[in-house]
Amino acid sequence: MAKPFELPTFYEPYPARLSPHLEEVRTHARAWARDMGMLEGSGIWDTAEYDAHDYALLCAYTHPDASADRLATVTDWYVWVFFFDDHFLEKYKYTRDTAAAREHLQRLRAFMPTDPTAPTPQPRNPVETGLADLWRRTVPVMTDGWRERFTEATAALLDESMWELSNIEIGRVANPLEYIEMRRKVGGAPWSAGLVEYAAHAEVPARVADSRPLLVLRDTFSDAVHLRNDLFSYQREVEEEGELSNGVLVFETFLECTTQQAADKVNDLLTARLHQFEHTALTEVPPLCAEHGLTPDEQLRIAAYAKGLQDWQAGGHEWHRRSSRYMRESGPGADAGPRLPTGPTGLGTSAARLAKSYTHTMPQRLRSFAHVQQPAGGLPAPEPYMPYVAKRSPHLDTSRRKLVAWCHEFGITSEGVWDEAKLRAADLPLCAAGIHPDATPEGLDLTSGWLAWGTYGDDYYPLIFGRTGNLAAAKRYTDGLADFMPLDVGAPPRLPGTALERSLYDLWVRTATPMTQEARLTFRQTITDMTGSWVWELVNAMERRVPEPVDYIEMRRKTFGADLTMSLSRIGHGGVIPEEVYRSRPVQALEHSAADWAGLINDVFSFRKEIEFESEIHNAVLVVQRFLDCTQPQARRIVDDLIDGRMREFQHVLAVQIPALCDDLDLPRETRAALDRYALELQNWMSGILVWHRGCRRYDEDELRRDMGGLGAAMTRAQVGALGV
């Protein structure tokens with residue numbers, strides 16, 4: 001069969017190494033697969049096919065320093081997961097039997113008990129048999145924290161198979177943002193990251209496991225693994241199996257380009273994700289260790305974890321080049337044979353590719369750190385697809401007057417960042433009146449206050465901390481904001497010194513008082529995430545580093561404050577919607593598509609303000625322009641397409657996946673009605689945000705030119721220092 005494209009030149013910063021236990025593990029894994037019923041008689045594999053895939057070689061490459069016993073267990077896990085994938089394809093994807101697929105996936109959860117000694121059902125097929133055996137062998141030697149994370153990753157890997165199946169049923173190709181997000185789960189690389197912890201004796205400390213640096217390491221690792229797999233497996237998945245979940249096909253469809261061009265763009269994104277991994281490991285992990293006072297042993301475990309993820313990238317690439325499952329590279333010496341027998345044979349070819357890979361990918365790295373201010377006029381006015389009719393609160397005018405008085409009272413208009421004219425030009429109550437059209441007068445004032453607080457903070461950080469370049473002060477100040485969100489809603493531990501602190505405490509008391517303790521924790525986290533993202537922006541600005549697309553989009557949800565304003569909608573549901581529903585993939589997909597839509601809308605409306613007047617680097621149009629090395633109009637068209645794609649994704653989830661979720665969980669009528677109301681509130685949220693962008697004067701040229709010569713521009717270092725931060 002002719003190749004659909006030539007594999008691109010990959011970024012390979014680390015040479016692959018091979019475990020000395022390969023042959024021992026190869027023999028063990030074949031016997032284990034036979035004992036579990038995965039070979040002859042399974043209807044999925046026979047011994048010849050299994051041997052050709054050589055999963056022992058994969059694990060010997062990806063875990064070169066693991067002990068023989070742990071490498072054997074890890075290899076069995078990979079045999080199981082590949083068998084699960086092929087079994088699901090044969091039994092459910094080909095037959096489109098969604099009911100049986102759901103029942104199969106639900107039963108598998110019973111083989112992952114919280115207590116590993118708890119009884120499990122009698123296995124009915126090799127997938128269940130293998131999972132039961134592996135769970136008993138692996139889980140007891142790890143902590144409860146690892147067990148919870150690994151269980152979640154395994155469940156996600158299983159459950160997201162339904163997402164792939166539903167897309168095949170309707171012939172739907174996901175858009176790039178949706179695809180990257182869902183591919184992490186269904187592709188299983190977060191699950192692989194958990195096995196790296198096990199294999200390398202490198203369990204990350206629970207107190208930092210959910211921190212941004214470690215999540216970025218996991219997610220960049222995951223994305224790189226999956227994108228590489230998509231390049232090698234395109235021919236098998238798309239042309240032979242009719243699969244729609246492949247990054248090359250996603251880019252080919254979204255960018256309307258040739259398969260070769262799409263493959264090259266996927267490789268560019270793969271490279272960017274690896275660059276992001278390295279950047280995070282070098283610049284974000286060491287400060288994290290210092291900030292949390294990690295012990296030398298804990299720091300060594302994190303270092304071993306990062307090294308284990310690097311080993312996986314290098315070894316995974318070598319295995320893809322050799323496994324019979326995938327398309328082979330072209331060119332002299334590209335085909336190293338069907339298998340690497342034993343020992344170091346062939347490793348020199350991996351090391352020899354390093355210089356070529358560095359040379360090929362260096363221009364992309366340099367583009368990220370080579371931003372200069374540029375003109376940004378001449379682009380057309382945004383005309384996004386909006387299927388929902390905007391509403392408006394009747395209390396708008398009153399809320400406008402009250403917000404001005406409130407900002408004066410707490411000093412927001414007197415620190416040199418905003419004056420009353422700038423506050424009125426922003427017209428945040430107009431946004432509040434659209435996103436919460438049915439709010440009480442007090443509720444509308446509260447939403448207007450939070451929008452003003454978040455927008456003011458977004459302007460405050462680059463002006464106050466960006467001007468001084470004092471990143472340490474920015475972090476201290478950000479951490480200190482938690483003082484003004486006491487969980488008991490009592491007096492703060494210290495007096496507020498700035499308008500941002502004073503107004504935060506006022507908003508917190510008014511919002512958190514009627515909440516439960518758990519709700520307060522969740523709500524406070526949305527604020528902490530947003531303020532932390534402002535520090536992330538400061539770091540990039542100081543480095544003049546334009547973020548790569550995936551990291552930008554995921555952080556954009558936080559910098560825009562989407563979770564904060566969305567959570568205000570949740571308050572009114574009074575616990576009717578259980579947390580497990582909010583955490584489910586369909587509801588998360590609904591929220592993420594809405595959040596991405598809103599953040600991207602803001603980027604296209606604010607493009608000239610940020611790029612030309614403020615020399616900002618955090619804007620999707622610029623991110624796309626730098627990443628694809630294209631013109632501003634081309635980048636803007638791609639972002640426009642992405643905006644409309646996120647809106648259509650919202651509609652798809654609402655029409656198809658939310659009803660299926662309600663049926664799968666057998667939700668009562670009251671909960672379904674509350675979920676419908678929440679979806680309507682998200683529709684109001686998006687339509688209200690669009691009305692605000694079109695109706696406010698924050699992005700008008702007259703306002704931008706007034707601001708250039710007035711506020712902020714005239715502030716001296718002494719005035720900045722007088723704010724006490």
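Between Ile302 and Glu298, the closest side-chain pair of non-hydrogen atoms is not below 4.5 Å. With contacts defined as side-chain heavy-atom distances shorter than 4.5 Å, the pair Pro64/Leu18 does not qualify. Looking at Gln313 and Arg228, their side chains come closer than 4.5 Å, going by heavy atoms from C-beta outward. Within the 4.5 Å cutoff, the side chain of Met142 has no heavy atoms near those of the Arg147 side chain. Asp133 is listed as a side-chain neighbour of Trp32, based on a closest heavy-atom distance under 4.5 Å. By the 4.5 Å heavy-atom criterion applied to side chains, Tyr92 and His87 are counted as neighbours. With a 4.5 Å cut-off on side-chain heavy atoms, Val208 and Ser211 count as touching. Residues Leu58 and Thr62 are in side-chain contact: their nearest non-hydrogen atoms beyond the backbone lie under 4.5 Å apart.
When the options Glu237, Glu241, Arg236, Gln235 are evaluated for a side-chain hydrogen bond (donor to acceptor under 3.5 Å, both in side chains) with Asn246, the one that passes is Glu237. For the side-chain hydrogen bond (donor to acceptor under 3.5 Å, both in side chains) criterion with His28, the lone passing option out of Asp69, Thr73, Asp76 is Asp76. Exactly one residue among Asp551, Asp219, Asp529 makes a salt bridge (charged side-chain N to carboxylate O under 4.0 Å, His left out) with Arg212. That residue is Asp551.
For the atom pair Leu675 CG and Leu661 CG, the distance stands at 7.0 Å (nearest 0.5 Å). Here the CG-NE2 distance, from Asp86 to His53, works out to 6.5 Å after rounding to the nearest 0.5 Å. Rounded to the nearest 0.5 Å, atoms CD1 (Ile44) and CD (Glu90) are 5.0 Å apart. Between the CD atom in Glu148 and the OG1 atom in Thr143 there is a gap of 8.5 Å [rounded to 0.5 Å]. Note that the CG atom of Leu195 and the OG1 atom of Thr138 stand 7.5 Å from one another [nearest 0.5 Å]. Distance check, rounded to the nearest 0.5 Å: CG of Leu269 to CG of Leu227 gives 5.0 Å.
Heavy-atom minimum distance, Thr671 versus Val576: OG1-O, 3.4 Å. Closest approach of Arg672 and Leu667 over heavy atoms only: NE-O, 2.8 Å. Scanning all heavy atoms of the two residues, the minimum distance from Ala304 to Ala202 falls at CB-CB, 3.7 Å. Here the shortest heavy-atom pairing between Pro121 and Phe111 reads O-CE2, 3.2 Å. The two atoms that bring Met38 and Gly130 nearest to each other are CE-CA, 4.4 Å, heavy atoms only. Here the closest non-hydrogen pair linking His226 and Pro190 is CE1-CD, 4.3 Å.
The residues Arg557 and Asp563 are annotated as not salt-bridged, no charged nitrogen and carboxylate oxygen being separated by less than 4.0 angstrom. With respect to the salt-bridge test (charged N to carboxylate O, under 4.0 angstrom), the residues Asp65 and Lys307 qualify. One finds a salt bridge joining Arg30 and Asp51 here, because a Lys/Arg side-chain nitrogen approaches an Asp/Glu carboxylate oxygen to under 4.0 Å. Salt bridge Arg301/Glu203: absent, no basic N to carboxylate O contact under 4.0 Å. With salt bridges taken as basic N to acidic carboxylate O contacts below 4.0 Å, one links Arg124 and Glu103. Ion pairing between a basic and an acidic side chain is recognised when a charged N comes within 4.0 Å of a carboxylate O; Arg321 and Glu318 show such pairing. For Glu23 and Arg26, the salt-bridge test passes: some basic side-chain N is under 4.0 Å from an acidic carboxylate O.
Under the 30°/60° scheme for interplanar angles, the aromatic rings of Trp319 and Phe82 are found to be tilted. Classified by interplanar angle (parallel below 30°, tilted 30° to 60°, perpendicular above 60°), the ring pair His63/Tyr78 is tilted. Taking the six-membered ring for Trp and thresholds of 30 and 60 degrees, Trp135 and Trp77 have ring planes more than 60 degrees apart, a perpendicular arrangement. Using bins of under 30°, 30° to 60° and over 60° for the plane-to-plane angle, the ring pair His320/Phe232 lands in the tilted bin.
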Begin from the C-alpha positions of Arg149 and Glu197 and carry the test side chain to side chain contact (heavy atoms under 4.5 Å, CB included) through to its verdict.
CA-CA 11 Å; Arg149 287 185 281 115; Glu197 294 182 67; 2.8 Å; yes
Decide yes or no on side chain to side chain contact (heavy atoms under 4.5 Å, CB included) for His104 and Val127, but give the supporting numbers first.
CA-CA 10 Å; His104 170 63; Val127 176; 4.2 Å; yes
Let's go through Tyr55 and Trp45 carefully: what are the C-alpha distance in whole Å and the side-chain angles of both, what is the deciding distance for ring pair (Phe, Tyr, Trp, His ring centres under 6.0 Å) to 0.1 Å, and is it a yes or a no?
CA-CA 13 Å; Tyr55 302 115; Trp45 291 344; 5.5 Å; yes
Could you go step by step and tell me if Gln276 and Thr280 meet the side chain to side chain donor-acceptor pair (under 3.5 Å) rule?
CA-CA 6 Å; Gln276 178 67 49; Thr280 301; 3.0 Å; yes
Going through the distances and angles, do Phe650 and Leu682 end up as a side chain to side chain contact (heavy atoms under 4.5 Å, CB included)?
CA-CA 10 Å; Phe650 180 92; Leu682 292 180; 4.0 Å; yes
Step by step, would you call Phe84 with Leu105 a side chain to side chain contact (heavy atoms under 4.5 Å, CB included)?
CA-CA 10 Å; Phe84 163 81; Leu105 296 175; 3.8 Å; yes
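Remark: the Glu591 side chain and the Tyr678 side chain contain an N/O donor-acceptor pair separated by less than 3.5 Å.
Panel note: side chain Arg136, backbone Thr117; no donor-acceptor pair is recorded below 3.5 Å. In this structure, the side chain of Gln588 engages the main chain of Tyr582 through a donor-acceptor pair within 3.5 Å. Trp146 places a side-chain N or O within 3.5 Å of a backbone atom of Gly194 that can act as its donor or acceptor partner. Using a distance-only test at 3.5 Å, with no hydrogens or angles considered, no donor-acceptor pair links the side chain of Arg646 to the main chain of Asp596.
Few gaps surround CD on Glu284; more than 12 heavy atoms of other groups in view lie less than 6.0 Å from it. More than 12 heavy atoms of other shown residues, nucleotides or ligands fall within 6.0 angstrom of atom CD in Gln517.
In this structure, Arg17 forms no cation-pi arrangement with Tyr61, as its terminal cationic atom is not both closer than 6.0 Å to the ring centre and no more than 45° off the ring axis.
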